[in-house]
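The first residue in the sequence is number 1, and the count goes up from there. The structure displayed is predicted, hence computed values, not measured ones.
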Amino acid sequence: MKLIDVEKRTTTDHVRLVGRVAPRPHGHAVVPWAINEREFANTPDGSGEIYFEFPRHYENFVSESADPFAIALLLPSMAAGEPLEIGPRISSSLLFQLAFIRDVWNTWYPKFHKTKIVATARDEPPPPRAPRAATFFSGGVDSFYTLLKRRDHDPLPVALSHLIFMHGVERSLEDSQGVESSQRRVEQLARAAGVETIVGKTNLRTVFPLHWEKYYFGSVLAATAVALSKGLGYVCIPSSFTYHHQVPHGSTPLLDDRFSTESVQIVHDGGEASRATKTQRIVEWDAPLVLSNLRVCIHNNGGDFNCGKCYKCVRTAIALKAIGVWDSAATFPDKSTDHWRRTVLADHPVLTFENLELARKSGLDDELVRQLERIVRRVNRYDAIAAYSRNSPLERLLPIYRRAREITGGSPRMH
């Protein structure tokens with residue numbers, strides 16, 4: 001995959017950083033889970049355009065550089081088994097790190113080929129690092145933790161001045177619904193927190209439909225941060241897991257910081273605290289702000305609500321209940337709990353264990369502790385059966401057993 005050139009286009013309202021990508025070589029296999037071929041057929045010469053767009057007010061923040069596109073194109077190139085070719089010169093430190101990032105992804109998932117990287121480093125000295133910092137903000141627990149931590153409790157080398165809210169990131173542009181209401185909430189929250197909001201847009205999820213959480217979101221967030229490197233010296237990507245529990249994932253402390261350039265430091269932030277601990281901390285730090293604005297739902301397509309039913313809503317609700325503020329959580333209007341057991345059984349066990357530990361420490365809800373203990377015992381029992389069955393004649397029965405458990409209301413986790 002080849003980046004031909006980069007252009008900064010301005011209108012009355014917006015500034016758009018555009019990278020033009022060469023047509024894919026004839027005869028190369030289509031990779032539908034990684035590359036949307038239709039996006040390369042929409043132009044007369046078969047090239048495709050990927051972009052980052054921001055309000056015209058932030059024109060001076062946007063760097064007319066190939067760096068963000070080198071980041072964004074790495075995984076799609078590896079998925080296609082094509083060399084990554086960057087025509088314009090890029091950051092020397094980023095160029096050095098791209099090979100390491102490539103090797104990690106190839107080690108995690110061999111279907112990402114160890115593709116050749118063809119690029120040249122810039123030889124001019126970098127501009128001074130901007131005296132401002134930002135964090136990506138979606139309204140969830142991880143976002144709130146980084147905002148409040150870096151604003152008040154553990155500042156970065158420069159003041160946290162901005163939140164970044166991107167259209168086309170939480171959901172692709174064509175699949176987003178109700179994002180304007182989410183944007184308004186983030187802008188109001190930012191004003192209450194004493195920072196500004198940079199509202200942007202990108203088409204990367206449309207052009208490259210890689211699995212977002214598993215593979216691509218860390219790369220896109222890092223690329224967005226680097227696109228704003230003339231105005232931001234530090235940009236935080238809130239962590240998903242603790243340093244103690246690291247798995248191959250779209251965003252990890254192993255990789256995120258390596259997307260930094262001489263102008264902007266990417267900071268994978270918050271891995272020192274579990275999701276349950278983060279929930280407790282943010283409520284301690286600013287309960288009114290958090291309980292009026294917390295948004296975690298995976299079913300809202302970017303909208304401004306919590307369904308109360310999905311695993312992220314239930315996971316967060318349990319933590320809020322464990323620390324005694326569930327009834328005050330205004331963004332969780334559905335206070336029913338009958339579905340919690342089934343939903344928790346399908347969630348990641350590490351996150352359930354963390355909620356159990358929080359409930360035990362708080363000591364505010366003995367019945368919640370007993371409920372979580374029963375779930376954890378069942379999860380452990382089912383996992384033991386699954387582990388015993390693997391590599392035995394019983395292994396072929398596991399899918400049948402798992403489906404039966406789902407139908408009867410048991411754990412669907414065995415696989």
Side-chain angles (χ1 to χ4, degrees), residues 136-148 163 165-167 169-171 175-193 197 199 213 238 240 274-348 351-352 354-356 358-359 362-372 375 409 412:
F136 288 96
F137 192 86
S138 64
V141 171
D142 299 322
S143 295
F144 263 110
Y145 180 80
T146 290
L147 165 62
L148 298 177
L163 304 183
F165 181 86
M166 293 294 291
H167 294 250
V169 168
E170 193 168 345
R171 297 281 179 173
D175 292 335
S176 298
Q177 299 174 19
V179 183
E180 291 75 16
S181 59
S182 298
Q183 176 185 325
R184 286 193 296 271
R185 181 183 289 274
V186 171
E187 289 171 332
Q188 292 168 2
L189 183 150
R191 287 192 291 271
T197 311
V199 177
E213 185 174 6
S240 300
S274 70
R275 188 75 53 82
T277 299
K278 287 179 179 180
T279 306
Q280 182 179 33
R281 295 257 178 88
I282 61 178
V283 170
E284 290 173 352
W285 288 341
D286 198 333
L289 188 71
V290 171
L291 296 177
S292 300
N293 293 283
L294 190 61
R295 185 180 69 96
V296 300
C297 186
I298 62 170
H299 289 155
N300 59 22
N301 292 331
D304 184 28
F305 67 87
N306 292 310
C307 72
K309 305 294 184 183
C310 71
Y311 66 88
K312 288 191 73 175
C313 282
V314 171
R315 178 197 303 160
T316 306
I318 289 172
L320 294 172
K321 195 170 192 297
I323 59 177
V325 297
W326 169 234
D327 291 337
S328 303
T331 55
F332 291 83
D334 183 356
K335 301 299 183 184
S336 63
T337 62
D338 293 345
H339 59 288
W340 280 14
R341 172 183 168 277
R342 178 176 173 82
T343 305
V344 173
L345 281 168
D347 200 3
H348 199 294
L351 300 171
T352 303
E354 291 171 354
N355 270 342
L356 173 57
L358 177 65
S362 70
L364 298 176
D365 194 324
D366 292 339
E367 177 52 36
L368 180 63
V369 171
R370 287 192 290 270
Q371 183 180 8
L372 292 174
I375 291 170

Open item on the list: Which heavy atom of L320 sits nearest to which heavy atom of A329, and what is that distance?
Closed with: CD1-CB, 3.9 Å
Task: Listed partners of K309 passing side-chain contact (heavy atoms from CB on, under 4.5 Å), at least two apart - done: C307, D334, S336, H339
TODO: Please report the closest heavy-atom contact between A359 and L368, naming both atoms and the distance.
DONE: CB-CD2, 4.4 Å
Task: Electrostatic pair D142-K278, nearest N-O below 4.0 angstrom - done: yes
TODO: Go through the side-chain N and O atoms of R315 and N355 and say whether any donor and acceptor fall under 3.5 Å apart.
DONE: no
Open item on the list: Using side-chain heavy atoms (C-beta onward) and a distance below 4.5 Å, is V296 in contact with C313?
Closed with: yes
Open item on the list: Let me confirm one number: the CG-OG1 distance from L294 to T279, rounded to the nearest 0.5 Å.
Closed with: 7.5 Å
Task: From S292 atom OG to R185 atom CZ, the distance as rounded to the nearest 0.5 Å - done: 8.0 Å
Task: Residues V290, L148; criterion side-chain contact (heavy atoms from CB on, under 4.5 Å); working and verdict - done: CA-CA 10 Å; V290 171; L148 298 177; 4.1 Å; yes
Task: Separation of R275 CZ from H348 NE2 (nearest 0.5 Å) - done: 11.0 Å
Open item on the list: One pair to check against side chain to side chain donor-acceptor pair (under 3.5 Å): E187 and Q183. What are the steps and the verdict?
Closed with: CA-CA 6 Å; E187 289 171 332; Q183 176 185 325; 3.2 Å; yes
TODO: State whether the side chain of T146 and the backbone N or O of S143 hold a donor-acceptor pair below 3.5 Å, judged by distance alone.
DONE: no
Task: Distance (rounded to the nearest 0.5 Å) between E367 CD and L372 CG - done: 9.5 Å
Task: Close side-chain approach of E354 and T277, heavy atoms under 4.5 Å - done: no
Open item on the list: Taking the side chain as everything from C-beta on, heavy atoms only, tell me whether L291 gets closer than 4.5 Å to T331.
Closed with: no
Open item on the list: R295 and side-chain contact (heavy atoms from CB on, under 4.5 Å): which single residue from L189, T316, N306, V141 fits?
Closed with: N306
Open item on the list: To check you understand the geometry: which heavy-atom pair defines the closest contact between A193 and L147, and what is its length?
Closed with: CB-CD2, 4.4 Å
List the atom pairs, with distances to 0.1 Å, where a side-chain N or O of residues 280-288 and a protein N or O form a donor-acceptor pair under 3.5 Å, not counting sequence neighbours.
{"residue": "W285", "atom": "NE1", "partner": "H153", "partner atom": "NE2", "Å": "3.3"}
{"residue": "D286", "atom": "OD1", "partner": "L289", "partner atom": "N", "Å": "3.3"}

- [ ] Side-chain contact test, heavy atoms from C-beta onward, threshold under 4.5 Å: evaluate it for L356 versus T352 and give yes or no.
- [x] no
- [ ] Without swapping roles, check the side chain of T337 against the backbone of W340 for a donor-acceptor pair under 3.5 Å.
- [x] no
Open item on the list: Measuring from atom OG1 of T197 to atom CZ of F165, what distance do you get when rounded to the nearest 0.5 angstrom?
Closed with: 9.5 Å
